[in-house]
Amino acid sequence: MSGGGDLSQRALVLAPNGRDGAIAAAILEEAGVPAVACPDLATLQQRMEEGAGLAVIADEALRNSDIAPLSNWVDRQPSWSDFPFLLLTQRGGSVERNPAARRLSEALGNVSFLERPFHPTTLVSAVRTALRGRLRQYEARELIAAIRQGESLLERRVAERTAELEAANRQLASQITEREKVETALRQAQRLEAVGQLTSGVAHDFNNLLTVVIGNVEQMQKRVSDPALIRRLDMMGEASRRGARLTAQMLAFSRRQKLEPRAVDLNDTVRSMRDLLQSTIGGSVQILEPELADSLWPAMIDPTQLELVILNLAINARDAMNVGGTLLIRTENVETTASTSPEAPPAGQFVMVSVTDNGSGMTDEVLARAFEPFFTTKDVGKGSGLGLSQVFGLAKQSGGGVAIETAVGQGTTIKIFLPRADSAPVPHVSRYLDLTAAHADHVVILVVDDDEAVREVTSGYLEDLGYTAIEAGSGGAALEIFEHREDIDAVVLDFAMPGLNGADLAREMQSRRPGVPILFATGYADADALASAPEDRLILKPFEQAELAEKLSNMLVTPSQAVSA
């Protein structure tokens, strides 16, 4: 059928006897109606296929002709179409007095009759009336198409929304199932283990929040110039980092943080912390010049966690002393023998750092519970009971131990024993600026995290560094993208996700594309579960842009073996 356009308003004329066809076409052309004279019925039908507004046919052209093809064409019209025919009959040849005319009307459908002879104005009027009707049919077709398009769009949106709701329900069911498993484990575990699991969960969520806060603060610091706003952003950033240190304490006492140990010079650590300690404990306590051992062995420890430990011990010492008390930090090389005390280090060579105060000391009852989580002798609101528990957790997880020497009214010394390192300390210098500039162009990185805000911050970091970031909110979605995107060069992967977690997803990705670099980004992950992940393939939330840049640069320059966590 005609699709509208220039041909859709032309009149086709079939009058094979004499010059009737040519005359009728000329009359219509003169009246401004495009007209085409057809020599026979076959030509007429061909022109109708090409496009036309109506057909003007002399009845003698159909009287002895096979009109079945034309009738079939009429029957095949779409629902919106009712092609008009204007049949020119002899006088007295109307439908009421002519059975043949009635047959044509039934076969062709939309038929009007015009008796000859007729005035040219009558012909033009009848043709224009038919063309106006045909135009309304085209308008109806457009409306029907618009309605169908709207219905299709509505159906598609309903299907998409239904799929989203089903996915949300599946995710919710998965989360409910995971939560039920955790609750069951908490009910069945011992008290310390239960507290440790709860603390780790809180730390994971809190570190996700801190990642978002720190990331947005960093982005805003790049875009503001007002000194007052810069100062407030600095305050927000420092408060967020203090929150990160608090979560590190929570994980430390439960022995669940992922440590990044390396050879450390404890003397340098103590010297660098003097100003921080003084500003933290205030002017009520005097910090004596530290007694640092000569030729001190390097210690194998996570330097960030060590600083938190020393800071906690200094705060505890301050709270145990009156105004005017003194605090002393010492370092020493120590060789220990086997001990039955669970807090003491095993036999071997250790580097010891101690914090001594001249405060109130501990009673035997307090000493017996000193490392118990949430135990504190401080007033409500002045202590969490996590400080010494964190100290003990870090020392034991690092392979060392702790010892307390105390006397009531005379003060306390807390000693931390850390394993001796086999290598000399190496200054930790970030290489991310040079490496990123050389390798960021055209590098596509897939960011996988179930927290939308964390994904956005991480992707923002990557885009600022020149990488191209692709986001996925679940393990299943990430795997589908990974299978269809051959240009993915690396993956930044959240470890703890509902459903397909980071370790399982890493294995699936490595099985499909061995050797693809994967960086685990986690606010909490079981140290045993990530034991096979190299240190340079793990970044702890909350992280800053510089740390992420360094990890990615090192990873892309020197790809490690597949992760089997």
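What you see below is based on every heavy atom in this structure, not just the backbone, and it leaves out hydrogens, waters and symmetry mates.
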May I ask you to establish whether R512 and F482 are in a cation-pi arrangement, using a distance under 6.0 Å from NZ or CZ to the six-membered ring centre and at most 45° from the ring axis? no
Test of understanding: with salt bridge (Lys or Arg N to Asp or Glu O under 4.0 Å), list the residues that count as partners of R485, not counting sequence neighbours. D487
Nearest 0.5 Å, what's the OG1-CD distance between T406 and Q410? 9.0 Å
Minimum side-chain heavy-atom gap R513-I488 below 4.5 Å: yes
Q349 CD: over 12 foreign heavy atoms closer than 6.0 Å: yes
Backbone of P346 reached by a side-chain donor or acceptor of T336 within 3.5 Å: yes
Would the distance check show the side chain of S174 and the main-chain N or O of R170 forming a donor-acceptor pair, the cut-off being under 3.5 Å? no
Hydrogens and angles aside, do E471 and S459 bring a side-chain donor and acceptor to less than 3.5 Å of each other? yes
Test item: side-chain donor near acceptor, E544 and Y461, under 3.5 Å: no
Is it the case that the side chains of T331 and N267 hold a donor-acceptor pair, with the cut-off being a distance below 3.5 Å and no angle test? yes
What distance do D422 atom CG and M300 atom CE have between them, rounded to the nearest 0.5 Å? 6.5 Å
All side chain to side chain donor-acceptor pair (under 3.5 Å) counterparts of Q221, not counting sequence neighbours: D234
Would a distance-only check, ignoring hydrogens and angles, find a side-chain to backbone donor-acceptor pair under 3.5 Å from E463 to T468? no
Would you give the length of the straight line joining atom CZ of R318 to atom CD1 of I287, rounded to the nearest 0.5 angstrom? 10.5 Å
Can we say K541 and D494 salt-bridge, meaning some charged N sits less than 4.0 Å from an Asp/Glu carboxylate O? yes
Considering residues, nucleotides and ligands other than E456, do more than 12 of their heavy atoms fall under 6.0 Å from its CD? no
Rounding to 0.5 Å, atoms CG (D268) and CE (M273) come to a distance of 13.0 Å
